[in-house]
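Only one structure is covered here, and it is reproduced in the block below.
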Amino acid sequence: MARLRVAVLISGRGSNLAALIAACRTPDHPAEIGLVVSNEPAAAGLAHAGRAGIPVRVVPHRDFSDRPAFEAALDAELRAGGAGLVCLAGFMRILTAPFVERWRDRLINIHPSLLPAFRGLDTHARALAAGVRVSGCTVHFVRPETDAGPIICQAAVPVLPDDDAERLAARVLAAEHRIYPLAVRLFAEGRLKVEGERVAIMGASAPESPLFNPLP
Ligand code: GRF
């Protein structure tokens with residue numbers, strides 16, 4: 001069976017891109033990373049694509065007069081690359097509703113919090129300031145509202161007493177690198193069904209045990 005062609009959009013470091021590349025390289029994986037697009041010519045993450053021999057396109061947003069013109073160029077690259085799924089992985093441009101609707105239910109994002117808590121930037125500092133005991137990350141289908149949309153999967157990590165934003169970010173990032181590939185695999189296997197604003201996962205069973213932090 002033909003593998004799903006995935007395009008990954010980045011702006012920076014690209015550690016989630018690297019995790020996706022590694023996962024898709026495993027034997028019989030149902031997806032392949034066919035294209036990496038960056039809006040930042042100097043994005044460090046582009047090196048991961050280069051090393052893996054994955055085609056790269058740079059679409060610098062500053063070269064365009066407005067957002068729709070930038071998004072038209074982005075859209076053209078994604079279509080030319082035959083993308084069946086688009087993954088935002090640290091892509092730092094807001095996408096407008098027409099673009100998001102064109103890729104509806106084929107466009108996913110990873111966010112470093114347990115959505116719907118802590119949408120937006122500086123999630124770890126805000127989680128620490130709020131005193132939450134558990135934080136984490138979320139992969140979700142993209143909707144025009146920023147950091148909102150049907151949730152595919154989440155991972156929770158504890159917030160430890162001597163955490164600062166950097167330490168918490170590292171713990172969450174390690175979880176990101178596990179759930180983004182999981183979400184892509186589930187999508188590629190055709191197991192995700194968007195029902196209203198929720199996602200049903202075909203053939204999945206979830207543990208019933210609670211996660212306690214601190215332990216009782
Ligand atoms: C990640 O924390 C991701 O959740 C957020 O941006 C960061 C990107 O990191 N959207 P990287 O570029 O994948 O290393």
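Both counts, for ligands and for their atoms, begin at 1 and track the order of listing. In this chain, numbering begins with 1 at the start of the sequence shown.
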Salt bridge flag under 4.0 Å for residues [X] and [Y]:
X	Y	answer
Arg143	Glu145	no
Glu101	Arg104	yes
Glu189	Arg185	yes

(message) Checking the N or O distance criterion of under 3.5 Å, is ligand 1 in contact with Gly14?
(response) yes
(request) May I ask you to check if ligand 1 and Asn109 share an N or O to N or O distance below 3.5 Å? (result) no
(request) Check Val157 against Ala175 and note the closest heavy-atom contact, atom names and distance. (result) CG1-CB, 4.0 Å
Of all the non-hydrogen atoms in the protein, which one sits nearest to [atom], and at what distance?
atom	answer
atom 8 (C) of ligand 1	Gly90 CA, 3.6 Å
atom 10 (N) of ligand 1	Ile110 O, 3.0 Å
atom 3 (C) of ligand 1	Glu176 OE1, 3.2 Å
atom 11 (P) of ligand 1	Ser15 N, 3.4 Å

(message) Counting only heavy atoms not in Arg191 (residues, nucleotides, ligands), do more than 12 fall under 6.0 Å from its CZ?
(response) yes
(message) Can you confirm whether more than 12 heavy atoms, excluding those of Glu166, are under 6.0 Å from its CD atom?
(response) no
(request) Assess Gly45 for proximity to ligand 1: is some non-hydrogen atom of it under 4.0 Å away? (result) no
(request) Would you mind listing which atoms of ligand 1 come within a distance below 4.0 Å of any non-hydrogen atom of Arg13? (result) 9 (O), 11 (P), 12 (O), 14 (O)
